[in-house]
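Have a look at the structure below before the remarks.
Note that these values count all heavy atoms, side chains included, but never hydrogens, waters or copies made by symmetry.
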Amino acid sequence: MAPSSKAPGSSSVSNPDRLVFDRPDPDHPWDRNLEELETSTDVTHQAIAQNWRMDHRVSESWETELVADPRLSTARSGEDWLAGVQDYRRDRLCQPYSHPATAVACATWRPANGKNHLGWRGPVLWQHLVHVGSFFQLLRRMGGTRPAENHRGRRRYEEITGQPFPFSAQGGIVDSSDERRKVAEGLNALGTETVRRLAGALCDSLGPREPPWWATFAEDAKSLLDSQNGTKLRNGLGLGHIRESEWLIVWKYRIQQIAQIPEASWNAPLARPTVVEAGDHPWHFPSPPDDPYGLTMPLTETNARRFREVLHVPLRGSLAAEACTGRLLEVREPAPPYANLPSLRRRHQERMEKSASNDQWIERHGL
């Protein structure tokens, strides 16, 4: 199938059947909000709306729960609806990992999303996953944004590193590339064990309300991991929200280790990602019908591979410390500008495996 020359987002062309979650519904309560986003001049809004229309992995029962959410059902504009998506993520995904039958359980692990829950039998237990985080973003949550906040997190940082918590002269956490490089290189110089201990403390400081971790299979990303290059890793995993001068912290662990997390016994160990977990993240692209996992969307148009991705309960404490690679990696180059997003999405679609169901799915959404 030849690649489409249409820009994503034109509702009159791209979505003739008024699809939501890959199901036709011309009277869907969100249709007007999604159409407003699709026809916006903002390419990130176009991508987000297109993702919510095309993701076939969201079940009808989960859709019923989403539509009933008052912040989404009463949205009067596309912007209001996006705010509702953010609220839903905070209040329904960032939940303690209690038993999935309870009303406060993280929505990813509730029965309504059961078709995306993956088992962990057989050889898959011995495969490694990789999770990547923004070190200074996590550090901000650990110590607060002002010297008067979160004394406990700051004290823990100072106990582990023997260094003062890195506040800038302006009072917030260090933000310039030079200041961040000095901090990160200083931590790397203290050795892998110190960075690992700090990783465990960072994870513990996030508290019980953290969304599921996104992870890719280590064998898929081996060349990126071996490169020890933060920019390549950011681009290869499609982490377009991570800016230049950020430093990455990396965890690598066997799927079997997730079984050591007490909450994992109440939940499916792994789940396929959906657009609900991605929310308003424009660098996400739903995986096609014939793929059993999620797929990363690389931030480069040439010589790029797509990697399988899954969700799981976050690591904590000693397990998070043990799984950390123990080295911070600098992102030295800017992420692609948002203006590149339509072409990156088209190139990603062209890389998809050809099959009847995949081709029909792509055609339904005018890609």
Side-chain angles (χ1 to χ4, degrees), residues 62 69 85-110 112-113 116-118 129-145 149-150 152-154 156-157 160 173 195-216 237 239 241-242 246-253 255 257-281 283-284 294 309-325 328:
W62 199 1
D69 188 286
V85 168
Q86 294 168 356
D87 288 346
Y88 184 89
R89 181 181 187 276
R90 180 194 64 213
D91 296 337
R92 300 295 301 178
L93 296 177
C94 298
Q95 283 288 347
Y97 288 83
S98 53
H99 193 283
T102 65
V104 296
C106 172
T108 297
W109 308 113
R110 286 178 56 78
N113 191 40
N116 289 313
H117 296 169
L118 302 171
L129 296 177
V130 172
H131 173 72
V132 175
S134 300
F135 175 72
F136 284 97
Q137 291 294 327
L138 294 171
L139 199 61
R140 180 178 285 109
R141 293 182 63 183
M142 181 184 192
T145 57
E149 295 177 349
N150 203 347
R152 183 178 179 182
R154 296 204 309 275
R156 186 71 180 125
Y157 176 93
I160 292 171
I173 198 166
V195 175
R196 285 173 176 149
R197 288 180 62 205
L198 183 57
L202 282 169
C203 290
D204 284 348
S205 73
L206 299 177
R209 293 184 55 134
E210 185 185 3
W213 273 19
W214 292 68
T216 192
L237 297 182
L239 305 176
H241 61 289
I242 295 181
E246 183 56 87
W247 288 70
L248 305 181
I249 184 167
V250 181
W251 288 267
K252 180 181 177 183
Y253 43 94
I255 294 174
Q257 290 176 274
I258 301 171
Q260 300 175 29
I261 305 171
E263 295 85 352
S265 64
W266 300 331
N267 299 288
L270 304 174
R272 280 183 288 261
T274 73
V275 71
V276 182
E277 288 91 8
D280 61 350
H281 183 53
W283 303 102
H284 174 71
E309 58 184 358
V310 293
L311 305 173
H312 66 78
V313 174
L315 305 187
R316 288 285 184 265
S318 61
L319 184 57
E322 176 187 344
C324 180
T325 60
L328 305 177

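- Between Leu93 and Pro212, the shortest heavy-atom distance links the atoms O-CD, 4.2 Å.
- For the atom pair CZ (Arg152) and CE (Met142), the distance works out to 10.0 Å, reported to the nearest 0.5 Å.
- Looking at Glu246, its side chain does come within 3.5 Å of a backbone N or O of Phe136 through a donor-acceptor pair.
- We find the CG-CZ distance between Asp87 and Arg89 to be 12.0 Å, quoted to the nearest 0.5 Å.
- Using a 4.0 Å cut-off between a side-chain N of Lys or Arg and a carboxylate O of Asp or Glu, Glu210 and Arg141 do not qualify as a salt bridge.
- Once rounded to the nearest 0.5 Å, the distance linking OG1 of Thr274 with CG of Leu311 reads 7.5 Å.
- Side-chain contact between Asn113 and Glu277: present, with at least one pair of heavy atoms (C-beta onward) separated by less than 4.5 Å.
- Side-chain contact between Trp214 and Leu237 is absent, with no heavy atoms from C-beta onward closer than 4.5 Å.
- The minimum heavy-atom distance between Ile160 and Arg197, with the atom names listed, is CD1-O, 3.7 Å.
- The closest donor-acceptor contact from the side chain of Asp204 to the backbone of Gly317 lies under 3.5 Å.
- Side-chain contact between Pro273 and Glu309: present, with at least one pair of heavy atoms (C-beta onward) separated by less than 4.5 Å.
- What you find for Pro211 and Cys94 is that their closest heavy atoms are CD-SG, 3.5 Å.
- Ring geometry for Trp109 versus His117: interplanar angle of 30 to 60°, hence tilted.
- The nearest pair of heavy atoms linking Leu129 to Ile258 is CD1-CD1, 4.0 Å.
- Gln257 is not listed as a side-chain neighbour of Leu315, based on a closest heavy-atom distance of 4.5 Å or more.
- Evaluation of the ring pair (Phe, Tyr, Trp, His ring centres under 6.0 Å) rule for Tyr253 yields His312 as partners, not counting sequence neighbours.
- Closest heavy-atom contact between Val276 and Tyr88: CG1-CE2, 3.7 Å.
- Under the 4.5 Å side-chain criterion, counting only non-hydrogen atoms from C-beta, Ile261 is not in contact with Arg316.
- Atom CD1 in Ile173 sits 5.5 Å away from atom CZ in Arg140 (nearest 0.5 Å).
- Interatomic distance, Leu319 CG to Cys203 SG, rounded to the nearest 0.5 Å: 9.0 Å.
- You'll find the side chain of Arg92 reaches within 4.5 Å of the side chain of Arg110, heavy atoms only.
- In this view, Phe135 satisfies the ring pair (Phe, Tyr, Trp, His ring centres under 6.0 Å) rule with no residue, not counting sequence neighbours.
- The shortest distance between side-chain heavy atoms of Val132 and Thr216 does not fall below 4.5 Å.
- You'll find the side chain of Leu198 stays beyond 4.5 Å of the side chain of Arg196, heavy atoms only.
- Considering only residues two or more places apart in sequence or on other chains, Trp251 meets the ring pair (Phe, Tyr, Trp, His ring centres under 6.0 Å) condition with His131, Trp213.
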